[in-house]
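Presented below is the structure to which this report refers.
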Amino acid sequence: MFKKIAFALCLLFFPITMAGAYPNEPTGYALLYWGETINQVQQQYRTGFLQNTKRGSTYSVYIPNAYGELGMRGSVLLSCHFDNDLGLNSITIPIPRESNQIASTFRNIVRNIAAVCGEPSYLNNGIALWRGDSIFLGVMVGPGVIMIDINRVKY
């Protein structure tokens, strides 16, 4: 919950003048693509229902091999929000770490994403943000976890 609130506050105060695409803006993650329905995702991956929201539902999705996407290799367990009207519109990837690994893991994740997407538009105090034409991508530090949030901009 803390992570979602921190991310929302960053987006709220993120200057509108910094808008503009960055290179290689993701169209989803692994073989998950914006706009897909939960039924389409369930045909490819193992999923688990997490919760209903006012605008849709959230599911856990198990990716058996991330193939280095956003610097991650091997299996990844993430959560996806499916909007009732827009389909898949948000992906959250939690990366749990011991407290002594948090800072170095955050730096490595930011470096890996920057290698693909360019330097973040905002980087400060355990938060890195990339703002593109179709998505917001954020990396933030929380207690015992680093969160990667990829959110589709709603049109």
Side-chain angles (χ1 to χ4, degrees), residues 1-15 18 21-34 36 38 41-42 44-83 87-132 134-153:
M1 184 64 164
F2 165 77
K3 295 156 224 67
K4 291 288 184 185
I5 292 170
F7 186 68
L9 288 173
C10 286
L11 293 178
L12 179 66
F13 295 110
F14 194 66
M18 297 181 93
Y22 52 82
N24 302 312
E25 207 171 310
T27 57
Y29 182 78
L31 295 177
L32 300 171
Y33 298 101
W34 303 132
E36 285 186 311
I38 183 58
V41 171
Q42 288 172 328
Q44 297 180 90
Y45 296 117
R46 196 169 72 212
T47 64
F49 175 78
L50 294 175
Q51 68 178 354
N52 283 319
T53 65
K54 291 180 182 179
R55 298 237 357 135
S57 54
T58 304
Y59 285 80
S60 65
V61 178
Y62 175 74
I63 309 290
N65 194 338
Y67 297 106
E69 190 155 349
L70 296 181
M72 288 184 256
R73 302 202 187 295
S75 62
V76 177
L77 183 63
L78 48 85
S79 66
C80 295
H81 185 265
F82 296 86
D83 186 279
L88 177 62
N89 72 331
S90 176
I91 299 170
T92 301
I93 307 167
I95 304 166
R97 291 291 185 264
E98 296 293 326
S99 58
N100 63 339
Q101 300 172 319
I102 293 284
S104 64
T105 301
F106 175 79
R107 283 190 305 274
N108 289 337
I109 291 169
V110 170
R111 184 190 69 234
N112 290 339
I113 294 173
V116 175
C117 299
E119 292 302 314
S121 302
Y122 177 84
L123 177 61
N124 194 10
N125 295 330
I127 298 173
L129 297 173
W130 290 259
R131 182 181 178 147
S134 61
I135 67 147
F136 289 109
L137 190 151
V139 179
M140 62 224 78
V141 171
V145 68
I146 293 104
M147 302 291 284
I148 299 174
D149 278 323
I150 310 167
N151 295 278
R152 181 180 181 193
V153 176

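Heavy atoms only: backbone and side chains are in, while hydrogens, waters and symmetry mates are out.
- Legend: residues meeting side-chain hydrogen bond (donor to acceptor under 3.5 Å, both in side chains) with Gln44, ordered by chain and number and at least two apart, are absent.
- To the nearest 0.5 Å, the span separating CD1 on Ile146 from OG on Ser104 amounts to 8.0 Å.
- Between Trp34 and Ile91 the shortest side-chain heavy-atom distance falls below 4.5 Å.
- Sequence neighbours left out, not one pair with a member in residues 62-74 passes side chain to side chain donor-acceptor pair (under 3.5 Å).
- Of all non-hydrogen atoms in Gly142 and Ile102, the two that sit nearest each other are O-CD1, 4.4 Å.
- A distance of 4.5 Å separates CD1 of Ile113 from CD1 of Ile148, quoted to the nearest 0.5 Å.
- Within the 4.5 Å cutoff, side-chain heavy atoms of Val139 are placed close to those of Trp130.
- Applying the side-chain hydrogen bond (donor to acceptor under 3.5 Å, both in side chains) criterion to Thr47, with sequence neighbours excluded, gives Gln42.
- Closest approach of Thr105 to Gln101, counting heavy atoms only: OG1-O, 2.8 Å.
- Here the closest heavy-atom approach between residue Val110 and residue Pro120 is recorded as CG1-CG, 4.3 Å.
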For this session: Please test Asn151 against Ser90 for side chain to side chain contact (heavy atoms under 4.5 Å, CB included), starting from the C-alpha separation and ending with a verdict.
Result: CA-CA 4 Å; Asn151 295 278; Ser90 176; 2.8 Å; yes
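- Using a 4.5 Å cut-off on side-chain heavy atoms (C-beta onward), Leu31 and Tyr45 make contact.
- By the side-chain contact (heavy atoms from CB on, under 4.5 Å) test, Ser60 is found to be paired with Leu50, Leu77, residues two or more places apart in sequence or in another chain being considered.
- Residue Glu98 qualifies as open at atom CD: its count of foreign heavy atoms under 6.0 Å is 12 or below.
- Of all heavy-atom pairs spanning Leu78 and Pro94, the tightest one is CA-CD, 4.3 Å.
- Counting heavy atoms from C-beta on, the side chains of Leu129 and Phe136 never come closer than 4.5 Å.
- The CD1 atom of Ile109 lies 6.5 Å from the CE atom of Met72; values are rounded to the nearest 0.5 Å.
- Once rounded to the nearest 0.5 Å, the distance linking CD1 of Ile63 with CG of Leu32 reads 4.5 Å.
- Residues Leu88 and Cys80 approach most closely at CD1-CB, 3.6 Å, considering heavy atoms.
- The shortest non-hydrogen separation linking Ile127 to Phe106 is N-CZ, 3.7 Å.
- Legend: residues meeting side-chain hydrogen bond (donor to acceptor under 3.5 Å, both in side chains) with Ser57, ordered by chain and number and at least two apart, are absent.
- For Arg107, there are no side-chain hydrogen bond (donor to acceptor under 3.5 Å, both in side chains) partners two or more places apart in sequence or in a different chain.
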Note to self: Walk me through whether Ile150 and Leu70 qualify under side chain to side chain contact (heavy atoms under 4.5 Å, CB included).
What the structure shows: CA-CA 11 Å; Ile150 310 167; Leu70 296 181; 3.8 Å; yes
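- Interatomic distance, CZ of Arg46 versus OG of Ser75, reported as 9.5 Å (0.5 Å rounding).
- Separating the OG1 atom in Thr27 from the CZ atom in Arg152 is a distance of 10.5 Å, to the nearest 0.5 Å.
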